Amino acid sequence: MKKALLLLVSICLLVALTGCTSFKAYTYNVNTGDQIELRLDTSDKYNISSDLPFTISRDGETLSQGSFITAEGYDEIVQAVMSDSNAEVIEEETRNGVEYIFYAYNESAHTEYNYVVKIVGSNTGLLLANIVSQDSAAECFNRLTIRKK
């Protein structure tokens with residue numbers, strides 16, 4: 001009886017620690033020859049579409065759109081961002097198998113918040129654009145796991 005009770009308590013504790021996080025993942029065969037998996041934390045009503053360009057939404061409202069680019073495309077975009085007076089780099093980092101630059105681009109009446117990402121160990125990158133807000137762009141990106149399969 002004590003073992004059964006201990007097992008039940010352990011299971012309840014495990015469920016409590018893991019929370020209610022849910023995920024949706026898609027694997028794309030990219031024209032670079034790579035297979036790239038995108039996995040989104042879909043808790044709090046976030047969703048990702050399977051089509052390309054893919055969209056990240058919340059409660060049916062599109063927040064970010066993304067498309068795949070080549071590693072060379074990544075380098076070209078980074079150079080353009082660094083030399084464009086309308087672009088402001090917010091963050092530049094390497095983590096979780098991706099190298100990225102998060103930047104704001106303001107050329108017209110609205111500001112676009114973009115992530116340009118290079119997937120380490122691949123020939124593939126990703127461009128993720130958001131016109132809602134800097135916080136929205138960061139939330140979408142931070143919910144996304146990107147990896148080469």
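These figures come from a predicted structure and were not determined experimentally.
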Next on the checklist: Clusters formed by hydrophobic residues whose side-chain heavy atoms approach within less than 4.5 Å: which one holds Phe23, and what are its other members?
Outcome noted: none

Can you give me every donor-acceptor pair (side chain of residues 49-57, partner residue at least two apart or in another chain, under 3.5 Å) with its distance?
| from | atom 1 | to | atom 2 | distance (Å) |
| --- | --- | --- | --- | --- |
| Ser49 | OG | Asp51 | OD1 | 2.6 |
| Ser49 | OG | Thr55 | N | 2.9 |
| Ser49 | OG | Thr55 | OG1 | 3.3 |

Item to check | Listed partners of Glu91 passing side chain to side chain donor-acceptor pair (under 3.5 Å), at least two apart | outcome: Tyr100

Item to check | salt bridge (Lys or Arg N to Asp or Glu O under 4.0 Å) contacts in which one or both residues fall within residues 24-44, not counting sequence neighbours | outcome: Asp34-Lys148, Glu37-Arg147, Asp41-Arg143, Asp44-Arg143

Checklist entry - Can you name the residues that form a side-chain contact (heavy atoms from CB on, under 4.5 Å) with Asp135, not counting sequence neighbours? => result Ser133

Checklist entry - From Asn47 CG over to Asp59 CG, what is the distance, rounded to the nearest 0.5 angstrom? => result 10.5 Å

Next on the checklist: Does Met82 form a side chain to side chain contact (heavy atoms under 4.5 Å, CB included) with Ile101? I'd like the steps, not just the answer.
Outcome noted: CA-CA 10 Å; Met82 296 302 190; Ile101 291 183; 3.7 Å; yes

Next on the checklist: Closer than 3.5 angstrom, by distance alone: can the side chain of Thr27 be matched with the main-chain N or O of Ile36 as a donor-acceptor pair?
Outcome noted: no

Checklist entry - Quick one: side chain to side chain donor-acceptor pair (under 3.5 Å) pairs with a partner in residues 79-90, sequence neighbours left out? => result Asp84-Tyr105

Checklist entry - Just by distance, with hydrogens left out, do Thr70 and Thr32 show a side-chain donor and acceptor under 3.5 Å apart? => result no

Item to check | pair Ile131-Leu63: side-chain heavy atoms closer than 4.5 Å | outcome: no

Checklist entry - Sequence neighbours excluded, which residues qualify as side-chain contact (heavy atoms from CB on, under 4.5 Å) partners of Gln134? => result Ile90, Phe102, Tyr113

Next on the checklist: Please list all pairs meeting ring-ring contact (aromatic ring centres under 6.0 Å, His included) that have one or both residues in residues 66-88, counting only residues at least two apart or in different chains.
Outcome noted: Tyr28-Phe68

Determine all donor-acceptor pairs shorter than 3.5 Å in which one atom belongs to a side chain in residues 114-121; sequence neighbours excluded.
| from | atom 1 | to | atom 2 | distance (Å) |
| --- | --- | --- | --- | --- |
| Asn114 | ND2 | Tyr103 | OH | 3.3 |
| Asn114 | ND2 | Glu112 | OE2 | 3.0 |

Item to check | Contacts of type salt bridge (charged side-chain N to carboxylate O under 4.0 Å, His left out), residue Arg58, not counting sequence neighbours | outcome: none

Item to check | Non-neighbouring partners of Asn29 that pass side chain to side chain donor-acceptor pair (under 3.5 Å), sequence neighbours left out | outcome: Gln35

Next on the checklist: List the residues meeting side chain to side chain donor-acceptor pair (under 3.5 Å) with Asn123, not counting sequence neighbours, and say none if there are none.
Outcome noted: none

